[in-house]
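Report on the following structure.
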Number of protein chains: 2
Amino acid sequence: MALSDKVTSFDIAALAGVSQPTVSRALRGDKTVSAATRLRIEAIARQLNYKVDRAASSLRKGEARTLALLFFEDPLPDDSHINPFFLSMLGSILKTCALRGYDLLTSFQQLSADWHVDYADSRKADGLILLGYGDWQLYRARVEQLVGQKTRFVRYGSVAASGGLGTVIGCDNRAGGAAVGRHLIERGRRRVAFLGEASDHYPEFRDRYRGLGDALRDAGLAVDPGLHVDALSSELAGYEATQRLIARGIGFDSLFAASDLIALGALRALDEAGLVVPRAVAVVGFDDIPAASLTRPPLTTVAQDYGRAGAVLVDTLVRQIAGEPTDHLTLPATLVVRAST
Amino acid sequence: MALSDKVTSFDIAALAGVSQPTVSRALRGDKTVSAATRLRIEAIARQLNYKVDRAASSLRKGEARTLALLFFEDPLPDDSHINPFFLSMLGSILKTCALRGYDLLTSFQQLSADWHVDYADSRKADGLILLGYGDWQLYRARVEQLVGQKTRFVRYGSVAASGGLGTVIGCDNRAGGAAVGRHLIERGRRRVAFLGEASDHYPEFRDRYRGLGDALRDAGLAVDPGLHVDALSSELAGYEATQRLIARGIGFDSLFAASDLIALGALRALDEAGLVVPRAVAVVGFDDIPAASLTRPPLTTVAQDYGRAGAVLVDTLVRQIAGEPTDHLTLPATLVVRAST
DNA sequence: GCTCGCTGTGAATACGTATGCCCTGCGCTG
DNA sequence: CAGCGCAGGGCATACGTATTCACAGCGAGC
């Protein structure tokens, strides 16, 4: 835009010999404007490179035509690295937003910070997309506030643990966990360790653990609590958890990491301990982040369809903004077998 | 925000027993409002969860307090995957934006599409950050238009080839390429192949190639054009280029890929051809994307400081918006030696 | 030939905030 | 005791668009 001379609908109107409201109507495709007038106006607008002022339009219409994407993490990593799994959704979210005529505001915040209402309260966005792994006990309070304020939002997470708070899109964590269990058993593994928080604070991880339990029990195997080590979703947490697991001295022949980041750390720890994957220990992750196919050996994992997830998140939110009721959606979780098992 | 009852500065004013302008002044920290009044207003505003309406504020002030981040790529990949190197900058860009009090609009577009002026023309954003590898011949026309329209923008790219068009932040591609060349020579390699477009259409790749040439000549070695294969920045392009290189039957003992994505494809092609890395062929990439340390073997590459780059991009743009003159900046490129050499 | 109704357009206004200007009252000075 | 300055705050208005309402003109029907 030229900084000096901002083109307004009045300028167009003057040149077209009509009034400002007619310009507005013509450009929005209102049928009460005759085709001849509309074409004339459109031509002039194009020529002057006129674009509707977003602020004025938003103010008048009371909608921002903008969605806000909030990545959150607790605690915030110092290196500003956004969780690669959620980052993977960005492409399809952007694409779908463009398709639906929405812009996307992006932000990266600590879950425990007080960001959650800002975007909606200040009318910067018509709705929110919440993306991140976080302690549900922290998370819940924020989400309740959003619900209380009637903010439109969708979140990616555990449908099972939605708690009636808003619309949740997620994958079938339990089925995914079960698929991992069956796969490991099929490969002859009997002592499956689990790395990841499995408490109610992390419903997704918990469900993955439960799925594993389902498979073990179905095969007549017991779930050994001694083979469960807590870990948040980071490479470092996976590394340290694996070291703790090894230190326990309880035998295990395979390892199910609640996320690929954890699995990356596990691979590093196993390598350092001289435990060869998959011969000594089979390793499975969850998420299928881009890095999963590049590890040494390539990581068997459970793929979540982030492409579809991104599209569904946007579409659901858009429908919600339009006033339609929206429902949870559970997407399939697909086992991807690679060389680590 | 409650959908029904929007809280405005008039509501606050009524409750505080002052006029609306006083509320506005108080909340913006204007010193003409007495401390007592300000505190009273702030308390009420907090209690009612009042937030300044962004659209109204933008309209009045003529600034959006928003930056637009435009990822572009040509052609657009079907899977909506944004180049991981540029994606890595997102974290620090978001962080710096938050620090400077700006929101960030994000978008992913084809360079050849007509997006480039939309954000500024419609006043959705006060400035643009351009991120992507693209054909400079396509790119140039867009950038010229931005300059012509006096749009504030910064871009990450080749400072050397800035062409006087706007402010460019980039790394020292030529020095990085030279460092790669010296490193390979030091490792006893003499026949270095280069994968990547080296024409003026891709100034960054060209400079990396030139840097390699510098090092070879310094060591008294000749640059063999037969060892140069064109490739755009993608895994597939790297894979195919490597196959073509092998098919040429010209001996080579090392391979410098113009980007890590290309290097990933090269590793795959070499593996399939039974050429062991690094014994038969040493491989070096450029960018140091997160995946680079996970490949088999881990990839030697040239790290660009994307954390600092993101911060500098935002800060430079903010200064430009403030009306200050801004300058190009070349960041260092650092060789990171891993097992692939 | 007059009215009815429809089509196309203009006039007025509201959205919520920020700012230029003016006004009031108080304290201080001479 | 009068006049001056300044602190504090109100009034009016502008930002650019979208919408409601009013209205003009024209063809059709009787």
Side-chain angles (χ1 to χ4, degrees), chain A residues 1-42 44-45 48-66 101 120-124 126, chain B residues 1-42 44-45 48-66 101 120-124 126:
Chain A
M1 128 220 93
L3 286 172
S4 33
D5 51 336
K6 165 133 176 97
V7 180
T8 74
S9 52
F10 284 95
D11 301 327
I12 312 290
L15 286 171
V18 297
S19 68
Q20 178 271 329
T22 300
V23 174
S24 174
R25 281 191 273 252
L27 296 178
R28 330 208 76 254
D30 190 314
K31 282 145 309 238
T32 72
V33 176
S34 72
T37 309
R38 178 163 44 76
L39 289 175
R40 187 156 34 98
I41 290 174
E42 283 172 351
I44 296 172
L48 294 196
N49 198 23
Y50 168 77
K51 293 284 187 323
V52 172
D53 183 297
R54 190 54 159 274
S57 178
S58 289
L59 175 58
R60 175 63 231 238
K61 295 209 288 189
E63 64 169 31
R65 270 277 143 181
T66 299
D121 282 341
S122 61
R123 296 239 173 141
K124 286 192 263 193
D126 302 318
Chain B
M1 128 221 98
L3 287 172
S4 34
D5 51 337
K6 163 129 179 104
V7 181
T8 74
S9 51
F10 283 96
D11 300 326
I12 312 291
L15 285 171
V18 297
S19 69
Q20 177 270 328
T22 300
V23 173
S24 174
R25 282 191 269 254
L27 295 178
R28 328 208 76 255
D30 190 314
K31 283 146 308 243
T32 72
V33 177
S34 72
T37 309
R38 180 164 43 76
L39 289 175
R40 187 155 35 95
I41 290 174
E42 283 172 351
I44 296 173
L48 295 195
N49 198 23
Y50 168 78
K51 294 284 188 322
V52 172
D53 183 298
R54 192 55 161 273
S57 177
S58 289
L59 176 58
R60 175 63 230 242
K61 296 210 288 189
E63 65 169 31
R65 271 277 142 180
T66 299
D121 282 342
S122 62
R123 296 239 173 143
K124 287 193 263 193
D126 303 317

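In this model, the phosphate group of C:dG8 is not approached by any side-chain N or O of A:Thr37 to a distance below 4.0 Å at OP1 or OP2. The phosphate of C:dT19 has neither OP1 nor OP2 within less than 4.0 Å of any side-chain N or O from B:Ser24. Note on B:Thr22: a side-chain N or O is less than 4.0 Å away from OP1 or OP2 of D:dG10. Side-chain nitrogen and oxygen atoms of A:Ser57 include at least one within less than 4.0 Å of the OP1 or OP2 phosphate oxygen of D:dA18. Dashed line: the shortest gap from a side-chain N or O of B:Ser9 to OP1 or OP2 of C:dT17 is under 4.0 Å. In this model, the phosphate group of C:dA18 is not approached by any side-chain N or O of B:Arg25 to a distance below 4.0 Å at OP1 or OP2.
Note: CG (B:Asp30) to P (D:dA7) measures 12 Å, nearest angstrom. C:dG16 atom C1' lies 13 Å from atom CZ of B:Arg28, rounded to whole Å. One can place NZ of B:Lys61 at 16 Å from P of D:dG16, the figure rounded to the nearest angstrom.
For the helix from C:dG1-D:dC30 to C:dG30-D:dC1, the end axes, each set by the C1' atoms of five terminal pairs, are bent relative to each other by 50° (nearest 10°).
Using a 4.0 Å heavy-atom distance criterion, B:Val18 is classed as a sugar-phosphate-only contact.
Where A:Gln20 and B:Leu59 meet DNA chain C, the nucleotide closest to each residue was compared, and A:Gln20 sits on the side nearer the 5' end.
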